[in-house]
Amino acid sequence: QPAAPPGGAPALDKVAFGTNWVAQAEHGGFYQALADGTYRRYGLDVTIMPGGPQANNRILLPVGKLDFYMSANTLQAFDAVEQNVPTVVVAAMFQKDPQVLIAHPGAGIERFADLKRLNLFVSKEGMASYFQWLKAEYGFSDAQVKPYTSNAQPFLADKRSAMQGYVTSEPFAIEKQSRIRPLVFLLADQGFSSYSTLIETRRDLVENKPGLVQRFVDASIIGWYTYLYGDPSAGNALIKRQNPEMSDELLAYALERMKTAGIVDSGDALAMGIGAMTDARMTAFFASMVKAGVVKPTVDFRRSYTLQFVNKRVGIDLRPKN
Amino acid sequence: MSSPAVVALRAVTKAFPNGTRALDGLDLTVRRGEFLSLLGPSGCGKSTALRLIAGLSRPSGGAVVWGDGAPKAAPARGDLGVVFQEPTLMPWASVAANVRLPLQLTRRADVAEPRVRAALARVGLDGFAEAYPRELSGGMKMRVAIARALVTDPALLLMDEPFAALDEITRFRLDNALLGLWQELGKTVVFVTHSVFEAVYLSTRIVVMTPRPGRVAADIAIDAPFPRSETFRTSAEFAALCRTVGGALADAMGETFA
Amino acid sequence: MSSPAVVALRAVTKAFPNGTRALDGLDLTVRRGEFLSLLGPSGCGKSTALRLIAGLSRPSGGAVVWGDGAPKAAPARGDLGVVFQEPTLMPWASVAANVRLPLQLTRRADVAEPRVRAALARVGLDGFAEAYPRELSGGMKMRVAIARALVTDPALLLMDEPFAALDEITRFRLDNALLGLWQELGKTVVFVTHSVFEAVYLSTRIVVMTPRPGRVAADIAIDAPFPRSETFRTSAEFAALCRTVGGALADAMGETFA
Amino acid sequence: MPPVGAPAEADEARPWRARLVRFGLPLLALALGCVAWELVVWVYAVPAYQLPSPLAVATTLVEDRALLFGSLLVTLETTAYGFALAVLGGAGLAILFSQSRLLETMLYPYAVILQVTPVVAVAPLLLIWLPQPVAVLACAWIVAFFPMLANTTLGLHSVDHNLSDLFALYGASRLQRLVRLQLPAALPMMLAGARIAGGLSLVGAVVAEIAAGSAGAGSGLAYRIAESSYRLNVPRMFAALILLSVAGMAVFGLLSLASWLILRRWHESALSRGP
Amino acid sequence: MPPVGAPAEADEARPWRARLVRFGLPLLALALGCVAWELVVWVYAVPAYQLPSPLAVATTLVEDRALLFGSLLVTLETTAYGFALAVLGGAGLAILFSQSRLLETMLYPYAVILQVTPVVAVAPLLLIWLPQPVAVLACAWIVAFFPMLANTTLGLHSVDHNLSDLFALYGASRLQRLVRLQLPAALPMMLAGARIAGGLSLVGAVVAEIAAGSAGAGSGLAYRIAESSYRLNVPRMFAALILLSVAGMAVFGLLSLASWLILRRWHESALSRGP
Ligand SMILES: Nc1ncnc2c1ncn2[C@@H]1O[C@H](COP(=O)(O)OP(=O)(O)OP(=O)(O)O)[C@@H](O)[C@H]1O
Ligand SMILES: Nc1ncnc2c1ncn2[C@@H]1O[C@H](COP(=O)(O)OP(=O)(O)OP(=O)(O)O)[C@@H](O)[C@H]1O
Ligand SMILES: O=[N+]([O-])[O-]
Ligand SMILES: [Mg+2]
Ligand SMILES: [Mg+2]
């Protein structure tokens, strides 16, 4: 047990952790670990720097302004290799990418492939990632895409459209504001095999301070277990303090959806613990991205991640046994 | 005194917001066909009076009455020509375009070209039609302004020291040209000048004003017959009139300086 | 002719980019202590000559030579006062601030207040120190410009029709005030005017220029003794001189109009 | 009776009624706009998530006042600093350029580059090199400085050439010429530039917050807008937008008033108008 | 020998050398900038993802030319339309306002609101109510129109009052006064406004693309920049940014040239300078 809390040792390592969006339940485990003192117990003094709609915190990781960064999907790790950016994925908190496509009920949409007939609101990031996969795998076309601006209004105004979203968030806002129960298609369930909410760090930290990295990964995993199965109120309180827009209702909804959709704790994580990654998944996802033309086949994707810090069943006993 | 009034200032007062009283109880009637010169110390309100007649400023007290007082008596646009004390040319337009302006504004652009040429020739600027104001000397700018005032052939001309910036020879020629126009075409002219000689040479009547606030100090009829020429200018009558007017001006100014 | 040259224009030519030749071979020497008047038709290059002397423009040909030609002979700043043909006041500054400007620019702001007051009093504008240029009449603006030129007490004064916009009484007073300054303080003055009378009354020498392109047409010494006064102005000698100068001007203009 | 349509005279005193109109009318116009908006929402039964009614927005404004006004203060602070930097920086650059044709020719292209560079693109780079609060200000500055630079440059070059000659005559130093001639002459245009920069500073503060801003407790209006929009809390988004608009109008109004106070004694644009 | 520092004379012909300097110097300055940049990257061994070297960027520019220049064209098209709309709309509004004090007082607040409203906030609303290409143009317009409005307004109100009197005297109609007096007098300020709007139109096109822009095949530079940034392809991001800068300088240069050609015969600002 490398990360046994050094009882009463006063010197904490200062660590900056950047997320890719404002504080929300999708970051719950991290806030939980910060709020309930898990990071502190692992000798870490963590600062969480939230991202935002136009902010790109990711570049701050390789230049040393951040020590860890929460990236949205596996694709970004391939890009880092391609661009010779010395970062590496050390854990994947979400086994399933929470990315969904949302459609209006009663618009004749029954199967996922029916979405091809609709206008699709897709963000720039989406265009650069999953949408290429949708084109290659399902035959979606650029012509149906309209810009998504982090806002559901254009979708609500157009019955013959679908929009992207997170399973944990947009369906709730739509239901609440428009009183329709939208159709929700989780891309992960359609074969999109990216991990999500990955922890990236710099290669030099992996090489020179593996203990620090391990402690951060382990404490984060414990944070996620606690957030999912324990009492999430400390994490939620911190989220609300950082983002006053957040309501208890939404936090509860998102947590519920993460559990029921198996976003965090499913698949390999069931046996190996939250954060699990496997070479097989990575290889399969890489192949699908090459096929979609998003990544060059020459990219040495194995350099994008390391299994050194995960698959150790850390905290797995925090999961209720039933 | 038999001809009808064109316009009358009745007990006109003009006070500016900063407190300056430029005019105080000015009574002045301009009669059809007369050549009326205003003479007075610097800052006494001559330009102010001209602006009031031109309708560019409203009196603070008293009234400006046109003709018999009927609304229609006010001159139609283009029937009034004004030469301001400053040339007031459009810097972005050529000399010809500046002179053409009144014709365009009164929608007589069709007859413009020959008229513009004639007006420029009259002030001796034939060769400068295409020049821009900044390429002209001070006197030339003023002559452009005069040409512009003449180009609509207005019945009433208000001229504020039009020839002050001109050499004597050019000035005499323009004096004569103006007199010719006035006589032939029966215009009415209100003329501000600082030259007693010029006033006497040109006018049928000279009004001398007091220092600020301006009022009428003397009203002197110049009865010498027209056409006037060098003969008149060198006559004893002319010299006597100049002395009278000069005396009236000196009296009006009294011991005050400005 | 015995006093040394202050500045000389030697065969000076000035052509503008639009092709106008304003001056062509102008030779003119200004001697210490003289009161030199330039007389000439409108547009003949008088203002251009003054700008060349003031160093505001460079000759296209010929040279402007100061004193004996040594570099130090050029006047120090503030030793040269200029009254432009237009008042050229700063619209954002009060009358007093406009007059104070040359003292500030030549770093003599410490002595400014009494000098500014004195200069304004000299031109009869005591009450208007706090007024803004737009609140002044045409003649008053020009007087502010004159006060500004006088305020540094310059050794050489260049004046471009300074009194053209003034009534005769004010003009005579300023004529006399200027003569007084010139005599008492031994200034050198180059004076542009259109008034033959004024030129004769004030000058020690009158240069009459030809129409554009300007050259010297006549160079007439006025030898009447100083101080001059009403007596001189009404003398037969004065009248004769005026006729001579007027004749020279008419000759210079020949049959051309402008 | 004037012979022609008498022009508005600068020398006529303005009655108090004119002032009432001057200040009352915009408010009336805004009120009318609100009424029209309320009607549209009613008549077409527009759902709140698409266009909330003014009443709903007003309610939100009152209910969320602590949150919203807190954010407003944060944004206004950035705006104030950004505006000050834009005015000083824009005018300062223009002055620098006016002193040396060489500098101007060499550096103006860089100013243009700064103007056309989208803030969202450079924000991450700025964050690399600068501490975050400085990066936010730099973003706000980039958005707002150029109008000040362009207008000041034009103003400094539009000096009356006779006055310019007068200054040359008295051997005015560069500093004297700048302070006593060029800057006063440029003032009307600089103030127009400042009026443009005022609004842009607000936009800049918002864009900077979005692109480089801190999330968390001290977040400004931009955050409120983006997050409310993302959460489909459209009434709150509108409430934030309205605060922003009111702030913008206040900034503009203050700058217009300042401009009028400074110019009223001599410049045509201020003489012919009221405060 | 002039007694004092002789001022630059407008009536002196400009030698060809001056022109060379005028056009060569900015290029030299930019070249120097590139050299300095290359040196910094070398000396400090800055990695490409932090700051790519100019050479790396140039290489990317050549390699990805098809992609990047295609995007440039898309953005330039939006810019051109946005600029045209901003100039026409800004000047048009200013003209409208100058014709009616009532309209001005009532509508100016709305113009200010438009200026300070962050495009990213209104884009979704515009996308609802307008077809997408129109929404993009509306966004670009919102970013760029205000400088034109503000400068034209000042220009229209800065008419010489003597000239204004002259027009009143001849009973000039509103249209005549506008066309023959106010617009020519306002021209220098309008052209300065257009120079500001030129750069802003480019920014506006980019912001509009980001906020409401087309994704998909025909994407502009904004999309390239955002995508490159997201994909950590920093050299390509810089290449796109440089295309944007060059486009901005070209727009600015063209507008400056146009301004000089229009004003050179009479306005101080153009007389005292070169093209
Ligand atoms: N806009 C104004 N505001 C304040 N005072 C003014 C204004 N215009 C003119 N005045 C004052 O009114 C008085 C008369 O001015 P006006 O221009 O009529 O004089 P004038 O007789 O034409 O003088 P001049 O012969 O010098 O041209 C002057 O004292 C001047 O200061
Ligand atoms: N900037 C310029 N560009 C072109 N031509 C010019 C310029 N300045 C003056 N001129 C021309 O030079 C000639 C002389 O002008 P100047 O101003 O010296 O005349 P002046 O003798 O002072 O006349 P006035 O008595 O009318 O003031 C004029 O014909 C004028 O058109
Ligand atoms: O950069 N913007 O003007 O939104
Ligand atoms: Mg007057
Ligand atoms: Mg002259």
Side-chain angles (χ1 to χ4, degrees), chain B residues 16-18 20 22 39-48 84-87 121 123-128 130-132 135-143 160-161 163-174 192-197 209 211-212 245-246 249-250 252-253 256-258, chain C residues 16-18 20 22 39-48 84-87 121 123-128 130-132 135-143 160-161 163-174 192-197 209 211-212 245-246 249-250 252-253 256-258:
Chain B
F16 290 100
N18 68 352
T20 310
L39 220 58
S42 172
C44 76
K46 302 178 295 296
S47 300
T48 304
F84 294 106
Q85 196 169 359
E86 283 159 29
V123 297
L125 285 176
D126 325 52
F128 286 86
E130 293 317 312
Y132 277 73
E135 300 167 344
L136 302 182
S137 78
M140 292 160 86
K141 278 184 222 170
M142 211 55 214
R143 284 185 276 160
D160 200 347
E161 306 187 33
F163 305 142
L166 299 179
D167 62 283
E168 293 196 343
I169 312 255
T170 309
R171 187 170 189 158
F172 288 162
R173 288 195 192 157
L174 287 180
V192 174
T193 182
H194 284 310
S195 165
V196 171
F197 301 110
M209 290 173 69
R212 174 178 6 94
V245 172
L249 181 61
M253 293 183 68
T256 63
F257 185 73
Chain C
F16 290 100
N18 69 352
T20 310
L39 219 59
S42 171
C44 76
K46 301 179 295 296
S47 301
T48 303
F84 294 106
Q85 196 169 0
E86 283 159 31
V123 297
L125 284 177
D126 325 54
F128 286 86
E130 293 316 313
Y132 277 74
E135 301 167 343
L136 301 182
S137 77
M140 292 159 85
K141 277 184 224 170
M142 211 56 214
R143 282 185 278 160
D160 200 348
E161 307 187 32
F163 305 143
L166 300 179
D167 62 283
E168 293 196 344
I169 312 258
T170 308
R171 187 171 190 158
F172 288 161
R173 289 195 192 158
L174 287 179
V192 174
T193 181
H194 284 310
S195 165
V196 171
F197 302 110
M209 290 172 69
R212 173 177 8 95
V245 173
L249 182 62
M253 293 183 69
T256 63
F257 186 73

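Every chain is numbered from 1, with letters handed out A, B, ... down the list of sequences. As a basis for the values below, the full set of heavy atoms in this structure was taken, side chains included, without hydrogen atoms, waters or symmetry mates. Computed from a prediction, not measured in an experiment: that's the story for all the values here.
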Task: For the student: nearest non-hydrogen atoms of S42(B) and S137(C), plus distance - done: OG-OG, 3.9 Å
Open item on the list: So for F128(C), is it side chain, backbone, both, or neither that comes closer than 4.5 Å to the heavy atoms of chain B?
Closed with: side chain
Task: Residue selection (most heavy-atom pairs with chain C, distance under 4.5 Å) from G127(B), G138(B), G246(B) - done: G138(B)
Task: Heavy-atom contact with chain B under 4.5 Å, split by part of T48(C) - done: neither
- [ ] Report yes if some heavy atom in the side chain of Q85(C) is under 4.5 Å from a heavy atom in the side chain of K141(B); otherwise report no.
- [x] no
Task: Side-chain heavy atoms of D167(B) within contact of L39(C), under 4.5 Å - done: no
Open item on the list: Once rounded to the nearest 0.5 Å, what's the spacing between atom CD of E135(C) and atom CG of N18(B)?
Closed with: 4.0 Å
Task: Any donor-acceptor pair under 3.5 Å from H194(C) side chain to A165(B) backbone - done: yes
TODO: Say whether, by atom type as modelled, one donor and one acceptor occur between the side chain of E168(B) and the main chain of V196(C) under 3.5 angstrom.
DONE: yes
